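These notes are about the structure you will find just below.
Residue numbers start from 1 in every chain, and the chains themselves are labelled A, B, ... in the order their sequence lines are given, proteins ahead of strands. From a predicted model like this one, the values you see are computed outputs, not experimental measurements. Computed over heavy atoms, backbone and side chain alike; hydrogens, waters and symmetry mates excluded.
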Amino acid sequence: MTPAALADLVRTTAVHVLSTRGLDTTALPAAVTIERPRNPEHGDYATNLALQSAKRLGLSPRELAGWLAEALAETDAIAAAEVAGPGFLNLRLAADAQGDIVRAALQAGDDYGRGEALAGRSINLEFVSANPTGPIHLGGTRWAAVGDALGRILAAQGAQVTREYYFNDAGAQIDRFVRSLIAAAKGEPAPEDGYGGAYIADIAAEVLRREPSALSLPGAERHEAFRRIGVGLMFDEIKRSLHEFGTDFDVYFHENSLHTSGAVSRAVEQLKESGALYHADGAWWLRSTEYGDDKDRVVIKSDGQPAYIAGDIAYFQDKRGRGFDLCIYMLGADHHGYIGRLKAAAAAFGDDPDSVEVLIGQMVNLVKDGKPVRMSKRAGTVVTLEDLVDAVGVDAARYSMIRSSVDSSLDVDLDLFSKRSNENPVFYVQYAHARLASMARNAAELGIDLGDVADADLGLLTHDREGELIRTIGEFPAVVATAAELREPHRLARYLESLASAYHKWYDTCRALPQGDEPVTPLNIARLHLNNAARQVLANGLGLLGVTAPERM
RNA sequence: GCCCCCGUAGCUCAGCGGAGAGAGCGAAGGACUUCUAAUCCUUUGGUCGCAGGUUCGAGUCCUGCCGGGGGCACCA
């Protein structure tokens with residue numbers, strides 16, 4: 001019996017108990033909460049249903065819980081039901097019923113953990129969106145890993161997800177980038193406000209290789225040549241490193257295209273007509289304060305040029321035109337001020353501000369010997385996505401970025417880049433998968449025929465550690481659903497660690513394969529099914545994080 | 001000044017209102033002739049920043065303080 005089925009059983013039973021006593025069944029919550037108590041003495045599962053409902057029924061929680069316990073104990077699937085504490089109802093499943101979780105996981109296979117909570121929703125998920133003026137830094141690496149995992153998780157809940165990267169390839173930053181390239185091509189130092197990393201010289205050299213006459217072109221043409229080729233090279237570089245990181249996007253959107261296509265002007269005109277913009281001090285302002293922003297924002301500057309937000313507005317309109325009913329933006333904490341204006345942009349077009357969801361992630365800091373190290377281009381302490389991958393590999397890099405909440409700032413230790421370390425919990429999880437795969441291989445080599453899981457006697461899985469492992473497997477669908485609902489992929493990573501732990505402990509205690517010449521027993525078969533179920537969940541979970549599930553380590 | 005995030009074991013961090021608060025790392029000691037020891041088992045370790053409030057019940061929700069980080073442009 002899966003937790004979801006148990007919740008249904010408890011509710012059905014409660015409805016029955018109340019109605020036979022002539023009590024109001026509407027006092028019951030729509031969904032019954034089933035949790036796994038920390039303390040094993042409190043049963044396999046517990047529900048606070050009686051605590052929640054007793055007051056509305058004018059009963060004492062313990063009295064209500066007692067009635068429920070009595071009725072539930074009649075059920076075959078429930079081995080024990082008892083009232084505890086202020087009115088908790090602690091439940092133990094019959095081993096046979098618990099085995100259904102193993103069946104559910106094996107029968108669903110790759111689909112185990114998928115849900116329908118977001119079925120029919122079309123979601124635009126924008127993340128990374130780092131400026132094309134340099135390689136992806138550690139901050140962008142975090143969003144690449146978390147955003148990609150979130151995209152997978154949302155899709156697993158049935159959403160149609162479009163992953164999108166917004167290139168800010170218009171405006172002053174690009175100018176600085178281009179001037180830096182030209183300076184490097186001439187062998188001059190970077191401009192005061194320019195970029196000075198080694199990659200600038202590399203790109204400048206590549207521009208000259210492709211367009212040997214670039215430097216001798218007249219001013220504007222020269223600038224354009226370096227812009228066109230240089231920015232293109234930077235795009236390719238960014239896409240390539242993200243691809244190698246396991247993160248691909250459906251749409252790479254170029255801000256510049258909004259300006260050249262006239263989308264920005266059209267959006268601005270539309271908002272002028274609707275009154276969302278007003279003219280003051282020679283500029284056009286968005287009434288963003290009406291939508292929760294702390295001040296109105298200039299959209300068209302007094303020199304007639306669009307401000308940065310003009311691109312955001314046109315971009316939102318473009319997304320809206322593509323039919324998304326939810327636009328998620330993942331931004332760094334240094335962009336927290338954007339929330340109000342992005343929602344204002346939506347509201348200005350008459351959309352529900354809730355169709356814009358801004359996820360703010362905290363910064364990534366470099367640490368050495370416990371002390372913070374400032375990332376500085378001049379000091380050469382800028383760490384890029386590629387640096388991290390070169391040092392620890394894609395799996396470990398992704399995993400370490402995903403496993404903590406984005407609400408917490410993340411410290412990356414520079415020692416990672418000099419010391420080889422297996423401390424990353426990703427190896428613990430992957431090792432569990434490799435062990436599982438190994439056991440399945442051994443079983444195959446022994447010629448053990450597992451048969452259909454439907455026919456196996458999973459009621460033989462009665463060891464404490466077996467129960468623990470099975471119930472952990474049973475949690476998986478709810479964990480994925482919660483991670484999607486809260487947009488928190490780290491919950492899935494933490495869950496996989498607990499699953500790996502339950503697996504390793506089980507492995508240590510419960511031998512699955514027959515030894516020597518022993519005959520294959522039904523218990524061997526049941527345990528091998530459990531092994532395969534755990535393997536399935538680890539593989540599904542790691543897949544949702546974009547981390548590989550190795551067959552061997 | 002205003003806004004957002006954080007404050008939990010020596011360190012890094014989990015803990016979407018539930019019952020002696022958890023993991024990893026660190027420290028001390030154990031377990032491999034048998035399915036992978038990248039594992040497992042002991043032990044060590046805590047005023048959950050402080051003070052109020054809501055609740056049958058608060059690390060979790062609310063308010064106010066105190067620390068740390070980030071943000072408050074006709075820059076992008």
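- Of the side-chain N and O atoms in A:Tyr428, one or more sit less than 4.0 angstrom from OP1 or OP2 of B:C40.
- Figure legend: A:Arg341 and A:Tyr338 shown as a cation-pi pair, the cationic atom lying under 6.0 angstrom from the six-membered ring centre and within 45 degrees of its axis.
- For the pair A:His335 and B:G71, the ring geometry does not qualify as stacking, because the centroid separation below 5.5 Å and plane angle under 30° are not jointly satisfied.
- Residue A:Glu35 is classed as a sugar-phosphate contact, given heavy-atom separations below 4.0 Å to backbone atoms only.
- B:U47 sits 34 Å from B:C40 when the C1' atoms are compared, rounded to a whole Å.
- The separation between A:Tyr329 atom OH and B:C4 atom C1' is 19 Å, rounded to whole Å.
- Interface remark: the A:Asn48 side chain does form a donor-acceptor pair with the B:G18 base, using a distance-only criterion of under 3.5 Å.
- For A:Arg435 and A:Tyr503, the positive end is not near the middle of the six-membered ring at less than 6.0 Å and at most 45° from its axis.
- Here the closest non-hydrogen pair linking A:Glu357 and A:Arg487 is OE2-NE, 2.6 Å.
- The side chain of A:Lys301 contributes no N or O atom lying less than 4.0 Å from OP1 or OP2 of B:A73.
- Using P as the reference atom, B:G15 and B:C3 are 26 Å apart when rounded to the nearest Å.
- Counting non-hydrogen atoms of neighbouring residues, nucleotides and ligands closer than 6.0 angstrom, the CD atom of A:Glu518 exceeds 12 such neighbours.
- Both A:Thr482 and A:Ser409 lie close to RNA chain B; mapped to their nearest nucleotides by heavy-atom distance, the more 5′-ward contact belongs to A:Ser409.
- Across all strands, A:Glu551 comes closer than 4.0 Å to base atoms (heavy-atom distances).
- Counting non-hydrogen atoms under 4.0 angstrom, A:Ser438 reaches a base of the nucleic acid.
- Residue-level contact check: A:Arg465 touches the backbone only, with heavy atoms under 4.0 Å from sugar-phosphate atoms and none from bases.
- Spacing of C1' atoms, B:G45 relative to B:U8, comes out at 14 Å, to the nearest Å.
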Check against side-chain hydrogen bond (donor to acceptor under 3.5 Å, both in side chains), A:Gln362 and A:Asp407: CA-CA 6 Å; A:Gln362 300 301 309; A:Asp407 284 342; 5.4 Å; no
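- Nucleotide B:C5 holds its C1' atom 19 Å from the CZ atom of A:Arg487, rounded to whole Å.
- Screening A:Asn131, A:Asp193, A:Asn168 for a side chain to side chain donor-acceptor pair (under 3.5 Å) with A:Gln173, the sole residue that qualifies is A:Asn131.
- If you measure from atom CZ of A:Arg552 to atom P of B:U36, you get 10 Å, rounded to the nearest angstrom.
- Straight-line distance between the P atoms of B:U39 and B:C2: roughly 49 Å, to the nearest whole Å.
- Residue A:Tyr431 places at least one side-chain N or O under 4.0 Å from the OP1 or OP2 atom of B:A38.
- Of the residues near RNA chain B, A:Ala434 and A:Ala500, the one whose nearest nucleotide (by heavy atom distance) lies more toward the 5' end is A:Ala434.
- B:C40 is paired with B:G30 under the Watson-Crick or G-U wobble criterion, all donor-acceptor distances under 3.5 Å.
- Among the atoms of the strands shown, only primed sugar atoms or phosphate atoms (P, OP1, OP2) are found under 4.0 Å from some heavy atom of A:Asp294.
- For B:A21 and B:C5, the P atoms lie 28 Å apart once the distance is rounded to whole Å.
- Distance check on atom P: B:A28 versus B:G69 gives 34 Å, rounded to whole Å.
- Among the protein residues, A:His504 comes within range of the sugar-phosphate backbone only, with heavy atoms under 4.0 Å from sugar or phosphate atoms but none that close to a base.
- Distances shown here put every side-chain N or O of A:Lys295 at or beyond 4.0 Å from the OP1 or OP2 atom of B:C72.
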